[in-house]
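Worksheet: the structure to be examined is printed underneath.
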There are 4 protein chains.
Amino acid sequence: MTEPARRTPGRPRDVDTHEAVLEATRAILLEQGYHRLTFGAVADAAGTTRSTLYRWWPTLGALVLEAAADNIDIGEVPDSGDSRTDVECAVRQLIRTFSDPLAKIVIMAAIANLDGDMDMATRFREEAVYPWRSTAAAAIERARDRGDLSPGSDPTFLLNVIVGTVFQCTVVPAKPMLDGLEGGLLDLILPPAR
Amino acid sequence: MTEPARRTPGRPRDVDTHEAVLEATRAILLEQGYHRLTFGAVADAAGTTRSTLYRWWPTLGALVLEAAADNIDIGEVPDSGDSRTDVECAVRQLIRTFSDPLAKIVIMAAIANLDGDMDMATRFREEAVYPWRSTAAAAIERARDRGDLSPGSDPTFLLNVIVGTVFQCTVVPAKPMLDGLEGGLLDLILPPAR
Amino acid sequence: MTEPARRTPGRPRDVDTHEAVLEATRAILLEQGYHRLTFGAVADAAGTTRSTLYRWWPTLGALVLEAAADNIDIGEVPDSGDSRTDVECAVRQLIRTFSDPLAKIVIMAAIANLDGDMDMATRFREEAVYPWRSTAAAAIERARDRGDLSPGSDPTFLLNVIVGTVFQCTVVPAKPMLDGLEGGLLDLILPPAR
Amino acid sequence: MTEPARRTPGRPRDVDTHEAVLEATRAILLEQGYHRLTFGAVADAAGTTRSTLYRWWPTLGALVLEAAADNIDIGEVPDSGDSRTDVECAVRQLIRTFSDPLAKIVIMAAIANLDGDMDMATRFREEAVYPWRSTAAAAIERARDRGDLSPGSDPTFLLNVIVGTVFQCTVVPAKPMLDGLEGGLLDLILPPAR
DNA sequence: ACTTAAGCGAGACGGTACGTCTCGTCTTAAC
DNA sequence: GTTAAGACGAGACGTACCGTCTCGCTTAAGT
């Protein structure tokens, strides 16, 4: 009832190989970094050949984004009815994601390719950045509508504060600086009752 | 008293070539991006050869950092006696620097090379990041000592807020989002008198 | 009486496709040469797929030989009773065949594959070379038995003279050199009465 | 006094590598045939890399022609004053060359590339075929002028008889057929005194 | 004026990765 | 059982940079 079970002709894609490639990609990214990620290296590690990789992933960026899809996905921010709870949820999810080693590597690679492989940068934005931004923006707007923000605060600007600060505290430094990050951000954005 | 004017024997370095290389580097970075910056391309554009480049710059990163030194340097934050004036000065300088097209490219390249060409990342941090951070940190600490910050604020954290937010508003988006950036940051860090 | 019309089970071979493949092979050979003849190209031109080609022709050589069978076949040399008439017939048939554009291409491909695709070279010899050689050899031997050859001439050697000379005058040069070829050869082999 | 000893700037070509490449080419041709001759295989066998090969030889054909230059060169036919001696010399040199295993392989490769890599075919003609043809043609014309040929014989045609027959007796068959080849050809072209 | 030492252009070298192409084999669904 | 469709491992192709090297010529400073 879910699937009409309609199959296309031709030999079906080899799912084992597919998964082995993604796994090899993750391994190389974590162990050697993006600058060592090579079609040849991935093919060798996955026990397949470059031809097969090129068939499915036109560029390294596409491969990376698919391999790290789970690590990059940020998820939902439910409407709890309480402003602080909502924003806290959004911030926490962001911190968790940016603290993931694989996600860090992918984020830096995406930034590195802001020029050059536009494909990767664009898809990264569309698949990872925008969804979270719109979700978090909704939470912040709800808070504003309840009057919990500093008067005159622009939700988009606050979003940039959150993302930028988390980025600066987690991705940029060699050792993440997580102490007081979550609380500090919340206090900035939702000034505690005076 | 400054220099005994003691010269080494042999032909002195060709300053015209030196400057032409830096200029060619800047031109390629601005016109084609970092991923197109190649020793060969620079040599051709500067009318010299790769051998000469390799003699003076061991890596592309070193070349970029020297070529963009002026664009990356952020400068001093004098002690004006007024907290808001000091922090405003620091923020404004950061925004100005991060808005420079060449600086943007170099910053992204440095982040991209956080793995890989450690040399560039390290030198970027030492030459561009730390000086500004320590200067700005001093300004913030002065503000804290005067009691102008929200109580309990950590100067290091506030620095990350500033850098991260400015980065997020200027470098990351295709079009910089400068509206309200300076004022918004100051209001966050130095809560206006109520 | 000719065939019990005994059919094998399953779908019969698609004769239209079969003929389309041979026609496509001839077209590509004539228009683009042997080095452009590719299973993929033939399949595309014939409106079928590579798998089908591989089922019926194990190698390009087999495909070529079947496609050019008519162009390569040289035919009979009847015993006319007159030595010169017999040898003239054999030489003329050889010249006609070696002048055929498709045959030229196939002959060169066969020689090219004297190493490598032994299959093609061998089958070419067996299907095209030997039949003509034995027929022509018989004609020459009849001439020798009638005393019409130069005394001491070896029929096999004369065969090589004929084949080699025709090859050299038709296949090798960009423009065939047919003037006086037939007559010249006959005069060499059957010295005119003095 | 012979050479101004004027050297070009830049690192001089590595003659050891150069010779190793040619030697490796010869070895592969003899042991595995032209269809196994690959830039990669040559590079490996010569202990160098494909890049270096591509620097000097744009195509496999160019490499083959240089590697086999000595084997292909046919040499002079001096004017001895005697027709039979001259033609005998030309024929003997041709037989010797066509009997050389490496030359056989190269000749077949050149024929195979009569379409396709025109470069090789053309250069083969110009470097190997034409020189011998013009030398041998001169010898035959001297013989004609002395009245030693059959009356009415065309020197160009006789050249084709010689080349074609030798080709047919040496290159085409798996085992060369040299018995009586030289004498047979001479008797055909210069009819013995009657 | 002559020596000396470094700078510079030219360009070859061994590597490595790229992205494309064809090969021959294979696995499915439809006919 | 044949066909179309198409994925798969294999491996050669020609190009582009890399970082290193070996040259011959040039340019001053020091003798």
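Just so it is clear: chains get the letters A, B, ... in the order the sequence lines come, proteins before strands, and each one is counted from 1. Here the structure is a predicted model, which is why all the values come from computation and not from measurement.
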Starting from the 5' end of DNA chain F, give me the residue, B:Gly40 or D:Gly40, whose nearest nucleotide shows up first. D:Gly40

Checking only heavy atoms, does the side chain of A:Arg11 share a donor-acceptor pair with the base of E:dC26 at less than 3.5 Å? yes

Presence of D:Thr17 side-chain N/O under 4.0 Å of E:dG14 phosphate oxygens OP1/OP2: yes

Closest-nucleotide mapping onto DNA chain F: is D:Phe39 or C:Val15 further toward the 5' terminus? I mean the 5' end. C:Val15

Is a side-chain donor or acceptor of C:Thr52 paired with a backbone partner of C:Thr48 at a separation under 3.5 angstrom? no

Tell me whether A:Arg26 contacts the main-chain N or O of A:Ala68 through its side chain, where contact means a donor paired with an acceptor under 3.5 Å. no

Residue pair C:Ala43 / C:Arg50: nearest heavy atoms and the distance that separates them: CB-N, 3.7 Å

Compare all side-chain heavy atoms of D:Trp56 with those of D:Leu63 and state whether any distance is below 4.5 angstrom. no

Comparing nearest nucleotides in DNA chain E, the 5'-proximal residue of the pair A:Leu37, D:Arg13 is D:Arg13

Measure across B:Ala45 and B:Ala24 and return the closest heavy-atom pair with its distance rounded to 0.1 Å. CB-CB, 3.8 Å

Send over the distance from D:Gln32 CD to F:dG11 P, rounded to a whole Å. 14 Å

Could you tell me the separation between the CH2 atom of A:Trp57 and the C1' atom of E:dA17, rounded to a whole number of Å? 19 Å

Are OP1 or OP2 of E:dC13 and a side-chain N or O of D:Trp56 less than 4.0 angstrom apart? yes

Whole-Å distance between F:dT2 P and C:Asp16 CG? 17 Å

Which nucleotide wins on minimum distance to the side chain of D:Thr38, given the candidates F:dC13, E:dG7, F:dG9? F:dC13

For D:Arg36 and F:dC13, give me the distance from atom CZ to atom P, rounded to whole Å. 13 Å

With a 4.5 Å limit on heavy-atom distance, are the side chains of A:Phe124 and A:Ile107 in contact? yes

Within a strict 4.5 Å, meaning less than it, do heavy atoms of the B:Asn71 and B:Val106 side chains meet? no

For C:Leu30 and C:Ile105, the nearest pair of non-hydrogen atoms, with its separation, is CA-CD1, 4.0 Å

How long is the line joining CG of B:Asp44 and P of F:dA16, in whole Å? 12 Å

Using every non-hydrogen atom in the two residues, find where A:Arg123 and A:Leu65 come nearest and quote the distance to one decimal. CB-CD1, 3.5 Å

If you take any heavy atom closer than 4.0 Å to DNA chain F, which residues from residues 46-55 of chain B end up in contact? B:Arg50, B:Tyr54

For the residue pair C:Trp57 and C:His18, does the interplanar ring angle fall in the parallel (under 30°), tilted (30 to 60°) or perpendicular (over 60°) class? perpendicular

Angle, rounded to 10°, between the helical axes spanning five pairs at each terminus of the helix from E:dA1-F:dT31 to E:dC31-F:dG1? 10°

Ranking E:dC26, F:dC18, E:dC23 by distance to the side chain of C:Leu60, first place goes to E:dC23

What's the NE2-P distance between A:His35 and E:dA17, to the nearest Å? 11 Å

If I take atom CG in residue B:Asp14 and atom P in nucleotide E:dA10, what distance separates them, rounded to the nearest angstrom? 13 Å

